[in-house]
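Structure first, commentary second.
Whatever order the structure lists them in is the order used to number ligands and atoms, beginning at 1. Only a predicted model underlies this, so the values are computations on that prediction, with no experimental measurement involved. Keep in mind that the numbers below use all heavy atoms, side chains included, and drop hydrogens, waters and symmetry copies.
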Amino acid sequence: MHPKADRLSQVRRHLSDSLHVDALLINTPSDVRWASGFSGSVGTLLITGRQSLLIVDSRYGDQAREQSSHCEVVVANALDARDEELVRALVGDSRVGFDDKRTSYADWRRFQSTLGCELIPLTDPLAALRARKDQFEIERIEAAAWAADRSFTDVLPMVLQGGVTEREVRDELESRLRIHSAEGPAYPTIVASGPNAALPHHQPGDRRIREGDSVIIDIGALVDGYRSDMTRTLFVGEVDPLLVAFHELLRRTQQEVLNAVREGVAASSLDAMARAGLAEYAGDILHSTGHGVGLDIHESPWLRSNSTDVLSNGHVVTVEPGLYRVGIGGVRIEDLVLVERSGCRILTNSTKDPSCPQSAPTT
Ligand code: ZN
Ligand code: ZN
């Protein structure tokens with residue numbers, strides 16, 4: 001069962017305890033989905049101390065009533081009609097929070113002139129609530145991680161044999177995700193080979209994978225709206241000794257960080273630990289150490305140097321140090337983990353052996 005009713009009451013408590021507003025206007029699709037269950041791409045959710053009002057256009061009326069039975073659902077196609085509904089619901093509420101990253105300037109101006117209340121800008125207002133996953137969410141993220149593990153394992157021989165293009169590997173991985181019961185990829189799958197592996201977010205192209213390549217595969221699955229995220233780096237035959245050194249150091253460093261993940265640890269200290277472990281190659285670090293994953297592929301908490309987040313039981317985060325050298329290639333190892341009171345549970349279980357001798361062709 002979807003824990004919608006509980007989520008709405010959590011938001012209501014959050015309004016008074018943390019956000020200090022009387023009501024909250026939500027228009028980020030993943031926030032709307034988390035709080036109400038409605039999975040459409042456009043909708044406005046207003047949560048006050050008294051009610052939860054979900055306003056959608058006529059494409060989504062039936063879907064919203066079915067998915068968001070704990071909300072009052074109203075269909076409004078024009079912005080004027082939407083704003084009238086908001087004014088009706090906001091009687092007596094003087095401080096209304098809105099999402100300052102998602103609300104357009106045009107909408108903000110409309111709200112200023114029509115709502116008759118003080119608009120309070122809030123950044124990621126539900127981030128802290130969404131970061132702690134409940135059992136319903138953990139089960140879906142686990143299923144997504146499992147589908148990505150299976151798909152990666154399926155394509156290992158194809159990659160290690162060489163001769164296929166990055167796109168062909170990407171297409172095979174994404175079709176495997178669906179075979180393993182996922183809705184599809186959680187984000188555009190990354191397959192980066194040879195010099196392309198020096199680019200952390202390379203988009204797969206027509207380059208053929210060949211002897212001497214490091215191949216970064218970054219794959220996640222989507223299950224019921226929830227996502228997984230994992231990266232492995234494979235070596236095709238003999239690779240540049242620098243890449244071997246990168247891999248050994250990253251594997252050791254990533255394990256140290258994984259060992260340190262537990263409730264109460266500052267996320268910034270994990271980023272610092274990864275950077276200290278990789279200090280010898282500090283110039284080859286191009287990104288921070290990790291991020292939360294849930295309905296969005298990148299969400300709170302953030303494992304980076306300026307993060308103020310503290311890990312808590314139920315957070316789901318990545319640990320993904322990487323090293324990249326232009327002209328040679330790159331290595332990244334990424335796991336998705338569930339934070340627990342005294343440690344963490346690793347949800348992605350694919351082999352980290354870059355040459356996978358047991359899977360390599362025998363000829
Ligand atoms: Zn990733
Ligand atoms: Zn990631």
Worksheet item: Is the Zn ion (ligand 2) under 2.8 Å from any N, O or S atom of Asp229?
Response: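 Under 2.8 Å: Asp229 contacts the Zn ion (ligand 2) through an N, O or S atom.
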Item to complete: Tell me, please, if His298 has any N/O/S atom, main chain or side chain, under 2.8 Å from the Zn ion (ligand 2)?
Response: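 No.
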Worksheet item: Tell me, which N, O or S atom in Glu320 is closest to the Zn ion (ligand 2)?
Response: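 Nearest N/O/S atom of Glu320: OE2.
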Worksheet item: What class does the angle between the rings of His180 and Trp146 fall in, given that below 30° is parallel, 30 to 60° is tilted and above 60° is perpendicular?
Response: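 The arrangement is perpendicular - the two ring planes meet at more than 60°.
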Item to complete: Would you check if the Zn ion (ligand 1) lies under 2.8 Å from any N, O or S atom of Glu334?
Response: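 Checking Glu334: at least one N, O or S atom is under 2.8 Å.
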Item to complete: Using only heavy-atom distances, determine whether the side chains of Ser305 and Asp271 contain a donor-acceptor pair under 3.5 Å.
Response: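 Note: Ser305 and Asp271 side chains miss the donor-acceptor criterion.
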Discussion item. With a 4.0 Å cut-off on N to O distance, would you call Arg130 and Asp31 a salt bridge?
Written reply: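 Salt bridge flag = yes for Asp31 with Arg130.
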Discussion item. Looking at Asp57 and Arg82, is there a salt bridge between them, counting it only when a charged N and a carboxylate O are closer than 4.0 Å?
Written reply: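 No, this pair does not count.
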